[in-house]
Amino acid sequence: MKKLITLVTAAACAATMAAGLSACTSQEQSGAVSVYMPDGAPALSMAQLMVDTPDLGRDVSYNVVNANTIQTYVSGDMQADVCILPVNAAATVAGNGENYTMLGVVTHGNLYMLSSKYTEEITDENLTTLIGKSVGCIQLQSFVGTVFKAILDQAEVDYTVVSDVSQAEADKVNLININDPATEISPSANFDYMIAAEPVITAKTSSGALSVVGNLQELYGENGYPQAVMIAKNTLIESSPEFIDNLISAVKKSAEWVNSDDVSVQSIVAAVNGNGGANSLTANNLKPDTIARCAISFVSAGDSRAEVLAFIEKYNAVTGSSITVSDQFFYNKQ
């Protein structure tokens, strides 16, 4: 009898523990997944998800935030379960693969060169045309500036960073930071050339006073460079593998949809801005050509691993950084 009571008690305890574990698992898998992305081109990569809100097997909250703050959502208390951010930022905060894993690249470059003074297209064959000229560049000390510096380095064209056009040197390309694209990118600006990103490019060229004279993706070579990547928490990947599969599939479809003739600009603008967008996307600056120049397509972590590592190597060389990326950072579904 005593043995029977012991067995019954043990079974009850086991059942209670199993129920508790089941409840924990159920609760973990049913909670809302928070997705964060920067306003602008990266948000377009998830446009269809925000427009059509497909069922991914979990409740999802989409949060479009200021590009300057995106890194904070995967640092500290790590608010983001899934996050789209520049590849260099992702590698810096999550490259060791301990907390987040990269699922894939979602955008491949949206940077272009403008001018009101010159009309000749800048190519890899005439980059020396820029020597002695002033080039205003957004985010000169971060992603955008690094891409352009890497282009000049591989072409062996000398450059220097100055604070004003009056300091320009005749034997170098003179790079000047643009703090406020809204006001500083203008036909009346003192710069000979200006580097900016879509959708700002569309807005700034609409009057015809500024022209696109260079494509940084083509200058970089190959098929451009990995710009924005999508990362996910390891705990989410482990607890909800089906959700991750559904998410990847949906982002692939979203990339195809946003580049198709079926896309509704008005619905994209409403959805992005309705999820906290900083209103950089408007019906006036989001046109088919604009979307095409955002180079949106999903490339899996496995297929983009080599280009991501190559870009980080160039980023380190230009900036003097020592970012390292582990094998664990790249999603590899078993």
Side-chain angles (χ1 to χ4, degrees), residues 35-46 65-75 78 80 82-112 137-151 153-154 195 197-198 216-234 247-248 251-252 255 293-332:
V35 178
Y36 284 82
M37 68 204 83
D39 180 46
L44 290 176
S45 67
M46 281 200 169
V65 300
N66 187 295
N68 295 327
T69 67
I70 190 63
Q71 194 166 323
T72 64
Y73 297 95
V74 291
S75 307
M78 298 183 292
V82 176
C83 188
I84 293 177
L85 71 170
V87 62
N88 59 304
T92 298
V93 300
N96 58 16
E98 291 180 3
N99 296 311
Y100 288 91
T101 295
M102 189 189 100
L103 303 180
V105 179
V106 296
T107 68
H108 305 263
N110 65 333
L111 305 176
Y112 297 85
C137 182
I138 64 170
Q139 301 176 23
L140 180 58
Q141 301 305 327
S142 54
F143 186 90
V144 180
T146 300
V147 170
F148 189 54
K149 290 172 184 176
I151 290 168
D153 280 344
Q154 67 189 16
I195 294 173
E198 283 290 11
L216 268 65
Q217 291 66 237
E218 293 179 357
L219 291 172
Y220 184 88
E222 299 297 330
N223 298 312
Y225 43 85
Q227 186 165 4
V229 301
M230 179 168 65
I231 64 176
K233 274 184 180 176
N234 294 342
L247 176 66
I248 290 174
V251 173
K252 286 180 181 178
R293 286 197 291 260
C294 288
I296 299 165
S297 65
F298 181 87
V299 180
S300 70
D303 289 340
S304 62
R305 182 178 184 276
E307 66 172 352
V308 167
L309 292 174
F311 181 84
I312 295 301
E313 183 178 354
K314 290 183 179 182
Y315 184 89
N316 285 339
V318 169
T319 64
S321 303
S322 55
I323 300 171
T324 57
V325 180
S326 72
D327 290 339
Q328 290 71 33
F329 179 62
F330 298 97
Y331 182 59
N332 181 25

Legend entry - Which residues share a ring pair (Phe, Tyr, Trp, His ring centres under 6.0 Å) with Phe298, sequence neighbours left out: none
Legend entry - Any side-chain heavy-atom pair of Tyr315 and Val147 under 4.5 Å: no
Inset, instruction - Starting at CD of Gln328, measure out to CG of Asn99 and round the result to the nearest 0.5 Å. - result: 13.0 Å
Inset, instruction - Measure the spacing between CD1 of Ile151 and CD of Glu218 and express it to the nearest 0.5 Å. - result: 10.5 Å
Legend entry - Nearest-0.5 Å distance, CD1 of residue Ile138 to CD1 of residue Ile195: 8.5 Å
Legend entry - Taking every non-hydrogen atom, the tightest pair across Tyr331 and Ala301: N-CB, 3.6 Å
Legend entry - Sequence-distant partners of Lys233, salt bridge (Lys or Arg N to Asp or Glu O under 4.0 Å), two or more places apart: Asp81
Inset, instruction - May I ask you to test the Val106-Pro42 pair for a side-chain heavy-atom distance under 4.5 Å? - result: no
Legend entry - CG on Asn332 to OG on Ser300, rounded to 0.5 Å: 9.5 Å
Legend entry - Carboxylate-amine/guanidinium contact Arg305 Asp327, below 4.0 Å: yes
Legend entry - Ser321-Asn316 side chain donor-acceptor pair, cut-off 3.5 Å: no
Legend entry - Min side-chain heavy-atom separation Met46-Met230 under 4.5 Å: yes
Legend entry - Note, Val65 side chain near Tyr73 side chain (heavy atom, < 4.5 Å): yes
Legend entry - Step-by-step side chain to side chain contact (heavy atoms under 4.5 Å, CB included) determination, Val325 to Val308: CA-CA 9 Å; Val325 180; Val308 167; 5.5 Å; no
Legend entry - Test item: Gln227 side-chain N/O and Gly109 main-chain N/O as donor-acceptor pair under 3.5 Å: yes
Inset, instruction - Could you tell me whether the side chain of Gln71 reaches within less than 4.5 Å of the side chain of Thr69, counting heavy atoms only? - result: no
Inset, instruction - Would you confirm whether Ser326, through its side chain, and Gly95, through its main-chain N or O, come within 3.5 Å as a donor-acceptor pair? - result: yes
Inset, instruction - Return yes if some donor-acceptor pair links the side-chain N/O of Gln154 with the main-chain N/O of Leu219 below 3.5 Å, else return no. - result: yes
Legend entry - Atom pair OG1 (Thr324) and CG (Asn96), whose distance is rounded to the nearest 0.5 Å: 7.5 Å
Legend entry - Tyr225-Gln217 side chain donor-acceptor pair, cut-off 3.5 Å: yes
Inset, instruction - Please report the shortest heavy-atom distance between Pro86 and Phe143, naming the atom on each side. - result: CB-CD1, 4.3 Å
Inset, instruction - Would you please test Val35 and Cys83 for side chain to side chain contact (heavy atoms under 4.5 Å, CB included) and show each step? - result: CA-CA 6 Å; Val35 178; Cys83 188; over 6 Å; no
Inset, instruction - Measure up the Phe311 and Tyr220 rings against each other and bin them: parallel (under 30°), tilted (30 to 60°), perpendicular (over 60°). - result: tilted
Inset, instruction - Please report the shortest heavy-atom distance between Cys294 and Leu44, naming the atom on each side. - result: SG-CD1, 3.9 Å
Legend entry - Close side-chain approach of Thr146 to Thr319, heavy-atom, < 4.5 Å: yes
Inset, instruction - To the nearest 0.5 angstrom, please state how far the OG1 atom of Thr107 sits from the CD1 atom of Ile84. - result: 8.0 Å
Inset, instruction - Identify the two heavy atoms, one from Asn234 and one from Gly97, that lie closest to each other, and give their separation to 0.1 Å. - result: ND2-O, 2.8 Å
Inset, instruction - Decide side chain to side chain contact (heavy atoms under 4.5 Å, CB included) for Leu85 and Val74; before the verdict, give the C-alpha distance in whole Å, the side-chain angles of both, and the deciding distance to 0.1 Å. - result: CA-CA 10 Å; Leu85 71 170; Val74 291; 4.0 Å; yes
Legend entry - 4.5 Å side-chain heavy-atom contact, Val82 and Ile231: no
Inset, instruction - Return yes if some donor-acceptor pair links the side-chain N/O of Asp39 with the main-chain N/O of Ala67 below 3.5 Å, else return no. - result: no
Inset, instruction - Give a yes or no on whether Glu313 atom CD has more than 12 heavy-atom contacts from other residues, nucleotides or ligands under 6.0 Å away. - result: no
Inset, instruction - Return the minimal non-hydrogen interatomic distance between Val299 and His108, and the atom names on each side. - result: CG2-CE1, 3.5 Å
Legend entry - Ser75: side-chain hydrogen bond (donor to acceptor under 3.5 Å, both in side chains) partners, not counting sequence neighbours: none
Legend entry - Min side-chain heavy-atom separation Leu309-Phe330 under 4.5 Å: yes
